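Reviewing the structure listed below.
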Number of protein chains: 2
Amino acid sequence: MEKQYSISDLAKEFDISNRTLRFYEEKGILQPTRNKSTRIYSASDRVTLRLLLRGKRLGFSLQECVDIISMYDPESGSEAQLQSLLEKIQEKQKLLKQQQTDIKLMLIDLKSAETKCLESLK
Amino acid sequence: MEKQYSISDLAKEFDISNRTLRFYEEKGILQPTRNKSTRIYSASDRVTLRLLLRGKRLGFSLQECVDIISMYDPESGSEAQLQSLLEKIQEKQKLLKQQQTDIKLMLIDLKSAETKCLESLK
DNA sequence: ATTTACCTTTACGTTAACGTAAAGTTTGGG
DNA sequence: CCCAAACTTTACGTTAACGTAAAGGTAAAT
């Protein structure tokens, strides 16, 4: 039997609010089953949530996160669809690489600021 | 004589709207001088803008970007202030490193998706 | 002189991503 | 049996980060 989670289980684990999980359901991002009216999240829901939050940490909007997650399993389509998907994937890759360089630059600046700070403290 | 820029100069260079630049001024982020009523941006404004947009690409809010930029020049303060600044700097560093691993993971997933896509296309 | 292309201010509108409050249901413990 | 701790739905509120429209000033070119 697969693991199951209550709304508060996931909320606590990922440090988000119950409202947030309900909101994600409203948006069709998560589809927990129900026991009576109570939500029951599956292991798969949990994975989706994890991926979603990873995207959010990178500054992507919910919609972008959903789009990205949907790229992970190419549900096989026409050649045109595959081509289009491929382009989207490569576009995201490019964006992420830009972010990588942005982070490196910012880390350099912060490192230098940290050093100055430490020198002033001696 | 230092370089100067009109609002549209900067808007075009950084691919943002004039409104956005005015908005940043409202928020006190940029302080262009004026010729009559027309805004004149300095090289320093341009640098600030560049740093701001770099922060935005990483998903930081405007306020966070401002905070980060202000970390770059430790305007010398009391030991307590320097300590506090140091902690903030290190917190941001930690956050950026989290982002680095998030990006790496996402790039792995996208690479795998890309491969699948390419295989389906042959 | 008037059109064109800039610039300005003021001010209301919009969207995303939830927060928060109200009112009600269900369920295990004492 | 009753209470407290979970859960539910409905619905209005909030903030950030601009967009957009209205109404007008200025300067160079035609």
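Everything quoted here is computed from the prediction, not taken from an experiment. Letters A, B, ... are given to chains in the order of the sequence lines, protein chains preceding strands, and every chain is numbered from 1.
- In this model, the phosphate group of dA17(C) is not approached by any side-chain N or O of Tyr24(A) to a distance below 4.0 Å at OP1 or OP2.
- Hydrophobic clustering keeps Leu105(B) apart from Ile103(A) (ILVMFWY residues linked when any side-chain heavy atoms are closer than 4.5 Å, directly or through intermediates).
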| request: Apply the test side chain to side chain contact (heavy atoms under 4.5 Å, CB included) to residues Asn18(A) and Ser8(A): give CA-CA distance (whole Å), side-chain angles for both, the deciding distance (0.1 Å), then the verdict. | output: CA-CA 6 Å; Asn18(A) 293 21; Ser8(A) 290; 3.2 Å; yes
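- If you measure from atom CG of Leu21(A) to atom C1' of dT9(D), you get 16 Å, rounded to the nearest angstrom.
- The CG atom of Asn18(A) sits 8 Å away from the P atom of dT8(D) (whole-angstrom rounding).
- No donor-acceptor pair under 3.5 Å is formed between the side chain of Ser84(B) and the backbone N or O of Ala80(B).
- Within the 4.0 Å cut-off from OP1 or OP2 of dT26(D), not a single side-chain nitrogen or oxygen of Thr38(B) is found.
- Atom NZ of Lys36(A) and atom P of dT9(D) are 14 Å apart (whole Å).
- Contact annotation: side chain of Arg19(A) to base of dT20(C), donor-acceptor pair present below 3.5 Å.
- Per the geometry, CD belonging to Glu64(B) stands 12 Å off P belonging to dA16(D), to the nearest Å.
- The distance from atom CG of Leu52(A) to atom C1' of dA17(C) is 11 Å, rounded to the nearest whole Å.
- Side-chain atoms of Phe23(A) lie closest to dA17(C) of the nucleotides dC7(D), dA17(C), dT9(D).
- Out of dA17(D), dT8(D), dC7(C), the shortest distance to the side chain of Leu62(B) is found at dA17(D).
- Contact annotation: Lys56(A) reaches the phosphate of dC18(C) (side-chain N/O to OP1 or OP2, under 4.0 Å).
- As a whole-Å value, the separation of Glu25(A) CD from dC18(C) P is 15 Å.
- Residue order along DNA chain C, read from the 5' end via each residue's closest nucleotide, puts Ser37(B) first among Ser37(B) and Phe60(A).
- As rounded to whole Å, 11 Å separates atom P of dG19(C) from atom CZ of Arg22(A).
- Distances shorter than 4.0 Å separate some side-chain N or O of Ser6(A) from OP1 or OP2 on dC7(D).
- In this structure, CD1 of Ile7(B) is placed 18 Å from P of dT26(D), rounded to the nearest angstrom.
- When the shell of 6.0 Å around CG of Asp73(B) is examined, it contains more than 12 heavy atoms from other residues, nucleotides or ligands.
- Checking Asp45(B), Ile29(B), Leu30(B) one by one against Leu21(B), the side-chain contact (heavy atoms from CB on, under 4.5 Å) holds for a single residue, Leu30(B).
- With distances taken from any side-chain atom of Arg34(B) to the nucleotides dT8(C), dC18(D), dC7(C), the minimum falls on dT8(C).
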